[in-house]
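Convention: sequence-line order gives letters A, B, ...; per-chain numbering from 1. Hydrogens, waters and symmetry mates are skipped; everything else that's a heavy atom, side chains included, is used.
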Amino acid sequence: SFAQGCEDDAPASSTSGVPSTSNMTFFGYIQPMFESHFTDANENTFKFKRARLGVRGRVNRSFSYYVALETSDFVSSDGNVYLLDAFITYDKHEWTKFSMGSFKQPFGLEVTTACHALTTIDRAIVSDQLVAPQRDLGVMMLGGTSKTKFRYSLALMNGRGLGVKDNNTKKDVIGRASYKLFDFLTVGGSFRYGYPNNNDLDRTTYGAEFLVNYKDFALQGEYIYDEGDYNRAADGGCGSTPLELGEKRAGAYVMATYNVNEKLQPVFKYEYFDQDLDIKKVGYQEMMTLGVNYFINAKTRLQVNYQNKIETGLSIDNDALLMQLQVRF
Amino acid sequence: SFAQGCEDDAPASSTSGVPSTSNMTFFGYIQPMFESHFTDANENTFKFKRARLGVRGRVNRSFSYYVALETSDFVSSDGNVYLLDAFITYDKHEWTKFSMGSFKQPFGLEVTTACHALTTIDRAIVSDQLVAPQRDLGVMMLGGTSKTKFRYSLALMNGRGLGVKDNNTKKDVIGRASYKLFDFLTVGGSFRYGYPNNNDLDRTTYGAEFLVNYKDFALQGEYIYDEGDYNRAADGGCGSTPLELGEKRAGAYVMATYNVNEKLQPVFKYEYFDQDLDIKKVGYQEMMTLGVNYFINAKTRLQVNYQNKIETGLSIDNDALLMQLQVRF
Amino acid sequence: SFAQGCEDDAPASSTSGVPSTSNMTFFGYIQPMFESHFTDANENTFKFKRARLGVRGRVNRSFSYYVALETSDFVSSDGNVYLLDAFITYDKHEWTKFSMGSFKQPFGLEVTTACHALTTIDRAIVSDQLVAPQRDLGVMMLGGTSKTKFRYSLALMNGRGLGVKDNNTKKDVIGRASYKLFDFLTVGGSFRYGYPNNNDLDRTTYGAEFLVNYKDFALQGEYIYDEGDYNRAADGGCGSTPLELGEKRAGAYVMATYNVNEKLQPVFKYEYFDQDLDIKKVGYQEMMTLGVNYFINAKTRLQVNYQNKIETGLSIDNDALLMQLQVRF
């Protein structure tokens with residue numbers, strides 16, 4: 001179980017559910033895409049969303065490892081290849097597993113969804129802006145799997161993101177828990193408490209989430225509230241531009257999908273983000289995403305998203321059309 | 001068939017010619033070399049020409065993928081590892097295959113020759129200077145293989161090269177076609193029409209090529225003509241320094257080889273490049289390359305090249321001796 | 001035998017000792033760690049010491065290859081992924097093997113110890129400061145293995161380190177030889193003579209080493225003396241900060257371990273380094289390292305080191321506690 005929000009659960013290697021020693025697996029996926037922004041000066045370009053290569057495996061019954069590189073030039077701020085997730089996991093006991101290394105902060109349903117399994121091409125603005133840095137260095141205790149009713153993660157991390165040492169001595173605490181109330185309903189909550197820049201100014205973040213699965217229909221939503229200091233140098237998730245935040249900020253989304261058949265899945269997402277709760281109207285944004293996912297085969301997926309940014313006042317030309325092809329291997 | 005000029009054709013996976021599902025292949029090659037420039041201040045150094053690692057494979061009968069990293073510090077202008085070729089190919093139909101991602105611009109025989117299969121250590125100056133960016137982001141339609149008489153590629157690309165978004169909304173069109181007239185003679189032509197920097201100033205490029213194979217003797221040649229705007233920031237191919245170009249520029253080469261036996265192959269190449277056709281003598285250069293390729297075994301090759309730059313006026317000390325060892329895996 | 005100080009000897013592929021053709025092996029290791037520096041402004045952080053991925057293999061009976069990437073953001077000065085060791089080896093004859101590419105300068109016991117097999121988390125200061133650049137580009141002749149009594153390496157290298165061309169025409173010569181005098185005692189010596197910055201100012205370095213193995217007890221030590229010019233831009237080994245050096249500089253260490261059982265190995269190391277032998281007391285430093293290595297299983301190791309810096313005058317708060325977990329694959 002490589003369960004840090006980086007990958008799906010690995011296939012069970014034995015029927016007993018106890019992991020056995022197995023060999024290394026090389027894996028990855030690439031996401032070439034075309035995007036067109038209908039801004040005043042129209043912009044369109046071919047690019048990569050992500051291009052990841054990695055290895056994972058198990059050294060014995062108690063220890064596994066996971067290492068992945070981001071090789072897309074369009075993710076890091078300097079356009080370089082970098083070590084993304086790399087951690088060693090002690091997973092002998094299902095309810096008290098431990099990981100050490102770099103991995104996603106365990107916060108929120110959408111952030112902890114594997115990047116090749118996202119329902120829309122972009123995560124919600126609130127996920128990218130408030131759960132930043134999305135990836136960090138530290139240790140984590142976790143328990144449960146996608147098959148258990150209850151699941152939790154509790155991490156102690158630098159709070160500065162990848163590639164840099166912590167600049168303060170206090171570590172950040174991030175945690176998430178989810179529970180399957182009914183077969184069709186899972187609810188969850190997340191929190192983060194940390195020191196983004198120094199030992200004096202703190203930051204507190206809460207999140208609440210739900211996921212409904214009913215036949216071919218799915219509905220999920222999240223609300224995230226965040227207050228206090230933040231690190232202006234931390235990238236927003238997956239190459240998004242970090243916004244200037246006020247003392248208090250919050251956002252939410254709801255997303256609905258329907259599986260027409262095995263291949264075709266339309267998606268609708270509504271979201272808002274307020275980068276400063278104290279100043280009304282400035283920095284408040286709403287967006288609707290209309291999209292369709294087409295699963296060409298088990299390893300290949302085409303995604304088309306239309307992002308409609310909703311203005312409260314005058315309408316501005318800022319919609320976007322995104323097309324992304326993905327192959328996993 | 002990973003037929004984007006990045007690799008040889010993959011071995012046929014079945015006798016029917018229809019590709020079947022197969023597993024991932026990890027591949028690569030390294031090219032450590034020693035070069036000595038007999039310039040006024042003599043320069044010599046050990047370095048890498050290229051050092052590439054990649055994976056390729058097939059996800060089902062219709063889709064394949066190819067991902068390669070350049071890890072040599074001596075190729076990109078900032079000396080970093082970067083994502084080189086990464087594309088997804090829909091190759092169900094031999095004559096209408098489609099690729100999306102990053103790959104070489106399909107222009108010219110030498111540029112589309114796999115980098116581990118080049119007959120001389122360096123490509124001709126004209127290939128490096130005028131087919132720049134050599135690699136780009138986009139989509140391509142292609143048909144035929146190395147076994148068919150006819151072969152073509154037609155690409156729609158950013159025109160800005162790897163690692164950056166397009167800075168204009170017009171895309172570049174690049175195409176190449178070749179035809180085996182006789183068993184011993186193949187001829188081909190290439191073109192490119194695009195907008196290197198903005199939506200107003202265009203660029204037009206033509207190329208013509210021939211390849212003669214007669215017993216152990218081979219002769220190939222190319223002529224490339226280019227006019228209009230160009231992107232000064234685009235790297236010349238494989239780490240070559242981009243030259244300042246005039247409104248019109250052109251160049252050509254002819255290259256002859258003879259297989260003495262299975263292992264030994266002497267090579268002679270004559271080339272010229274004129275970086276500004278309107279200003280005679282300034283920026284015109286000629287070069288002869290005398291070399292020998294020694295195929296130590298199927299995976300290992302030693303290349304020694306002597307580059308003699310021919311001056312029209314006073315002779316300058318600027319010749320170079322290059323020695324390159326290559327292992328493929 | 002991938003015997004450039006990058007890896008252990010590869011397992012013998014046949015009983016005769018003659019290497020046979022074998023397939024590619026993908027390998028690597030990651031070293032997530034936590035370090036706490038008890039300086040005046042206390043610093044502590046999660047980070048990676050190293051995170052390496054590579055492939056090695058054999059193309060036929062005479063040629064092998066080795067390619068490794070450093071992916072930790074905390075090693076190179078710019079925090080980027082880079083090509084670490086990449087070389088082709090002609091190893092048909094045990095006593096005259098040849099390598100070409102990038103590898104460690106063959107100098108000293110500790111530098112040539114594989115980075116995943118180091119007894120303490122950090123190498124001795126003298127190893128990191130005087131054997132710089134630790135890795136370089138060039139060619140090497142070498143003979144012997146870990147199973148032979150005698151062993152030597154002789155390299156001709158740029159002397160500038162990885163990722164850059166040589167800036168002078170004179171190459172550096174680096175060599176090391178070791179001999180197993182008795183079953184329990186191996187002694188060795190190293191030298192380097194080169195031109196760090198130009199063709200005029202040279203540099204000369206000597207090293208002497210011993211290694212005692214007696215039952216579960218091991219003791220090793222090295223002394224390194226260095227004089228002349230040096231390259232201020234060359235990184236100290238593995239991300240250490242390069243110190244300002246005088247005309248003459250030297251240092252040494254002794255390190256003792258005892259295998260309590262198969263898993264537990266306490267270690268004690270004493271070292272000193274004098275960055276300018278001509279100026280007494282300034283730049284002289286002593287350090288003791290108290291540590292324990294715990295081999296959780298054949299592939300997983302936990303290391304805890306306490307570094308006590310010994311001041312000659314007033315005691316300063318500058319000790320450090322390092323904890324490192326390692327998984328190899």
Need one label for [X]: side chain, backbone, both or neither, based on atoms under 4.5 Å from any heavy atom in chain B.
X      : answer
N80(A) : side chain
N44(A) : both
Q31(A) : neither

Mind checking the [atom1]-[atom2] spacing from [X] to [Y]? Nearest 0.5 Å is all I need.
X       : Y       : atom1 : atom2 : value
T25(A)  : M24(B)  : OG1   : CE    : 8.5 Å
L83(B)  : E70(A)  : CG    : CD    : 9.0 Å
K47(A)  : D166(B) : NZ    : CG    : 13.0 Å
N297(A) : S62(B)  : CG    : OG    : 7.5 Å
T300(A) : Y90(B)  : OG1   : OH    : 11.5 Å
M100(B) : F46(A)  : CE    : CZ    : 6.0 Å

Quick one: what part of [X] sits under 4.5 Å from any heavy atom of chain A, side chain, backbone, both or neither?
X       : value
F63(B)  : side chain
V67(B)  : side chain
D78(B)  : side chain
K171(B) : side chain
N158(B) : both
V55(B)  : side chain

Original post:
Where does the angle between the aromatic ring planes of F26(A) and F26(B) fall among parallel (under 30°), tilted (30 to 60°) and perpendicular (over 60°)?
Top reply: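 Answer is perpendicular, since the angle exceeds 60°.
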Subject >> For A86(B) against F48(A), the heavy-atom pair lying closest together >> reply: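 Minimum heavy-atom contact is O-CZ, 3.1 Å.
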**OP:** Could you tell me which non-hydrogen atom of G101(B) sits nearest to which non-hydrogen atom of P32(A), and how far apart they are?
**Re:**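 Scanning both residues, the minimum pair turns out to be CA-CB, 3.8 Å.
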**OP:** Tell me, with the steps shown, if L137(B) and F74(A) meet side chain to side chain contact (heavy atoms under 4.5 Å, CB included).
**Re:** CA-CA 12 Å; L137(B) 293 152; F74(A) 299 91; 3.6 Å; yes
Subject >> Pairs of heavy atoms under 4.5 Å with chain A: top-ranked of N167(B), N199(B), V139(B), L162(B) >> reply: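 Ranked by contacts with chain A, first place is V139(B).
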Subject >> Flag side-chain contact, heavy atom, 4.5 Å: L53(A) against L69(B) >> reply: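 A side-chain contact under 4.5 Å exists here.
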Subject >> Atom CZ of F38(A) with >12 non-hydrogen neighbours under 6.0 angstrom >> reply: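 Yes - once you tally the heavy atoms of other residues, nucleotides and ligands closer than 6.0 Å, there are more than 12.
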